[in-house]
Asker: 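First the structure, which I've put down as structure tokens, then a few questions once you've had a look.
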Amino acid sequence: SRRPVARLTGALRDPARLVALWPRLLPAVEQAIAAIDAQDLNLESPEDAAAGREALASLPREIAEGEAVAAAGRFLAATGAALLAASRAPRCSWGAVEPSGDRFLVYIDNWMQGVGAAALEGAVRLAEACAENPDSTLDSEAREVLDSVRSKRVDGFFYPTVRIAEEVGMPWRILSTNDMIVVYGQGRRQRWVRGTLLDSQSNASVHFTLRKDLCSRLLASAGFPVPEFRVARSREEAEAAARALACPLVVKPVASSRAENVHLWLNSETEVGDAYAACGEDGIAVMVERQAEGDPFRISVFGGRSVAAVRHALPSVVGDGRSSIEELIEACDARARLPVPDKYARFTLFNREYYGPQMARRLEAQGLTPDSVLEAGREVILGEVPQRRNGGFYVDVTERVHPGLMAMAEEAAEVLGTPTLGFDLITTDISQAPGKVPLVINEVNSSPGLRAHEQPGRQRGIVVTALETIFP
């Protein structure tokens, strides 16, 4: 955007004042941004974030009075880019200063005008705060600025979709950030999307996918393989279901998301009863079902077509012959904290609160402890329930999936009456046709996320298909 966003005022327009202020201004802002950045490094655009940091680091340590105004412009451009990076706003790769008569025009690279304007205004606020109180660490001011920039950014859940919409010239606006609702198009042809849930999807189809028990019964009636299960609404009913079904078993709420309160590999009535108690207050409805054999996979359906598939991978470590399991976990977390993490490394830290009890059971079953040193090349799984936001990750398997499974996912979407579907299945071999190896449909999701398909070259095609679903 080339519209004016903010102007330097007061002491910051005085070159002599700027020269005196500069040694304090630069490190104070760097410290404030770094302090906030250290709290949340799960960046959407890590490469851009690194570029924003370089812009700030490249500013001169000392300036002369004749260069003060230009330096102030460079400071605002670099600080704006760094603020965008710290706020996890997409594409914040550079800032620039251009002379224009007796003034300088300041630019930062960001395709969302509101976010870019907020970042430049925030840079001015930080500079003025430092001028007014040179002894301040600027921590509180920087937090307020970051909150302002973050409030205007597009959340990572629907960022890929609006980014492509921007590229192809499709109008869009955020209707509700908290509810993840974006409106595409305009006038009577406009359509709203919540995550990847379309406004055209029927309430009945969405309701069925939200209720795991109803969805399983519907799919079973249509001939899809689902695990045998019972619904329980008390500990006694859960333990009775355990007696009726063969162990090992799974306990999970009939209505939950993101693998919350899912308990796997339960081998006794007592374990099933304890799992029910852990799901919440007495009276909550849970499914007690047979534990399926194999690995969990997801096939994503957009526009009625299966477009990609991933394997849900559990957090794990691989031994190097020197480090303990605890040290290997720390090394993985260190790689996840890098400004530009490895494309094949997990992007979220290992959540010890969530995975701690699971890891303890896993290690004990193998005669290991967190202090055990693994031989080189040995992989040890650290959890039981794959969950990306707590340290799990996805592995793209689109090229390996048997066409029969892709067709099965499309048929399930048709049965449920929804053009978009996350089709979750458990099987021992994703490359084999249905009926050749053990296979069950674990559950489905009417609004599959796009983050499972972040592999280079894969996500764009899926997003384009999603937009074509919105505007066929």
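Throughout, residue positions are numbered sequentially from 1 according to the sequence presented.
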Asker: Rounded at 0.5 Å granularity, tell me how far CZ in Arg217 sits from NZ in Lys212.
Answerer: 14.0 Å
Asker: Report yes if the side chains of Glu228 and Glu289 come closer than 4.5 Å at any heavy-atom pair, otherwise no.
Answerer: no
Asker: Any side-chain heavy-atom pair from Pro296 and Asn442 closer than 4.5 angstrom?
Answerer: no
Asker: Treating Glu364 as the side-chain partner and Arg361 as the backbone partner, does any N or O pair qualify as donor plus acceptor under 3.5 Å?
Answerer: no
Asker: Look only at the side chain of Thr427 and the backbone of Ile430, and say whether a donor-acceptor pair between them is shorter than 3.5 Å.
Answerer: no
Asker: Any side-chain heavy atom of Leu368 within less than 4.5 Å of one from Val380?
Answerer: yes
Asker: Is it the case that Thr369 and Asp371 place a side-chain donor and acceptor less than 3.5 Å from each other?
Answerer: no
Asker: Check the pair Leu266, Cys247 against side chain to side chain contact (heavy atoms under 4.5 Å, CB included), reporting the backbone distance first and the verdict last.
Answerer: CA-CA 7 Å; Leu266 305 175; Cys247 292; over 6 Å; no
Asker: Looking at Glu327 and Arg322, does any basic side-chain N land under 4.0 Å from a carboxylate oxygen?
Answerer: no
Asker: Are any side-chain N or O atoms of Gln291 and backbone N or O atoms of Trp265, one a donor and one an acceptor, separated by less than 3.5 Å?
Answerer: yes
Asker: Of all the heavy-atom pairs spanning Leu416 and Leu421, show the shortest one and how long it is.
Answerer: CD1-CD1, 4.0 Å
Asker: When you compare the side chain of Asn267 with that of Leu249, does any pair of heavy atoms fall below 4.5 Å?
Answerer: no
Asker: When rounded to the nearest 0.5 angstrom, what is the spacing between CD1 in Ile325 and CD in Glu330?
Answerer: 13.5 Å
Asker: What's the shortest heavy-atom distance between Val286 and Val254, and which atoms?
Answerer: C-CG1, 3.8 Å
Asker: Take Val310 and Phe297, measure what side chain to side chain contact (heavy atoms under 4.5 Å, CB included) needs, and give me the verdict at the end.
Answerer: CA-CA 6 Å; Val310 294; Phe297 297 88; over 6 Å; no
Asker: Just so I know, are the side chains of Ile284 and Tyr276 near enough to count as touching, which here means a heavy-atom distance under 4.5 Å?
Answerer: yes
Asker: Keeping Glu237 on the side-chain end and Arg233 on the backbone end, is there a donor-acceptor pair under 3.5 Å?
Answerer: yes
Asker: What residues, two or more places apart in sequence or in another chain, satisfy side-chain hydrogen bond (donor to acceptor under 3.5 Å, both in side chains) together with Asp424?
Answerer: Arg298
Asker: Looking at Arg235 and Asp274, is there a salt bridge between them, counting it only when a charged N and a carboxylate O are closer than 4.0 Å?
Answerer: yes
Asker: What residues form a side-chain hydrogen bond (donor to acceptor under 3.5 Å, both in side chains) with Ser306, not counting sequence neighbours?
Answerer: none
Asker: Would you sort out whether Trp192 and Val182 count as a side chain to side chain contact (heavy atoms under 4.5 Å, CB included), showing the intermediate values?
Answerer: CA-CA 6 Å; Trp192 64 264; Val182 180; over 6 Å; no
Asker: Checking Val415 now: which residues fulfil side chain to side chain contact (heavy atoms under 4.5 Å, CB included) with it, not counting sequence neighbours?
Answerer: Leu218, Ala222, Phe224
Asker: Shortest non-hydrogen contact from Val272 to Ala238?
Answerer: CG1-O, 3.4 Å
Asker: Does some side-chain heavy atom of Lys436 sit less than 4.5 Å from a side-chain heavy atom of Thr428?
Answerer: no
Asker: How long is the span from the CZ atom in Arg188 to the CD atom in Gln190, to the nearest 0.5 Å?
Answerer: 12.0 Å
Asker: Using distance alone, with no hydrogens and no angle criterion, decide if Thr209 and Ser446 have a side-chain donor and acceptor under 3.5 Å apart.
Answerer: yes
Asker: Where do Glu379 and Ser316 come nearest, in terms of heavy atoms and distance?
Answerer: OE2-OG, 2.8 Å
Asker: Between atom CZ of Arg290 and atom CZ of Arg230, what is the distance when rounded to the nearest 0.5 Å?
Answerer: 8.0 Å
Asker: Among residues at least two apart in sequence or on other chains, which ones pass side chain to side chain contact (heavy atoms under 4.5 Å, CB included) with Ser216?
Answerer: Phe229, Met287
Asker: Quick one: does Phe423's side chain get under 4.5 Å of Ile441's, heavy atoms only?
Answerer: yes
Asker: Donor-acceptor pair, Gln366 side chain versus Arg362 backbone, under 3.5 Å?
Answerer: yes
Asker: Quick one: side-chain hydrogen bond (donor to acceptor under 3.5 Å, both in side chains) partners of Asp295, sequence neighbours excluded?
Answerer: none
Asker: Side-chain contact test, heavy atoms from C-beta onward, threshold under 4.5 Å: evaluate it for Leu374 versus Val318 and give yes or no.
Answerer: no
Asker: Ignoring hydrogens and angles, tell me if any N or O in the side chain of Thr398 forms a donor-acceptor pair with the backbone of Ala309 under 3.5 Å.
Answerer: yes
Asker: What heavy-atom pair brings Asn261 and Ala278 nearest, and what distance separates the two atoms?
Answerer: OD1-O, 3.5 Å
Asker: Check whether any side-chain N or O of Ser431 sits under 3.5 Å from a backbone N or O of Val401 as a donor-acceptor pair, and report yes or no.
Answerer: no
Asker: Dump the intermediate steps for side chain to side chain contact (heavy atoms under 4.5 Å, CB included) on Asp429 and Leu439, then the final yes or no.
Answerer: CA-CA 9 Å; Asp429 190 344; Leu439 166 71; over 6 Å; no
Asker: If you draw a 6.0 Å radius around CZ in Arg305, do more than 12 non-hydrogen atoms from other residues or ligands fall strictly inside?
Answerer: no
Asker: Applying ring-ring contact (aromatic ring centres under 6.0 Å, His included), can you list everything that pairs with His263, at least two apart in sequence or on another chain?
Answerer: none
Asker: Kindly give the heavy-atom pair with the smallest separation between Leu219 and Ala412, and that separation in Å.
Answerer: CD2-CB, 4.2 Å
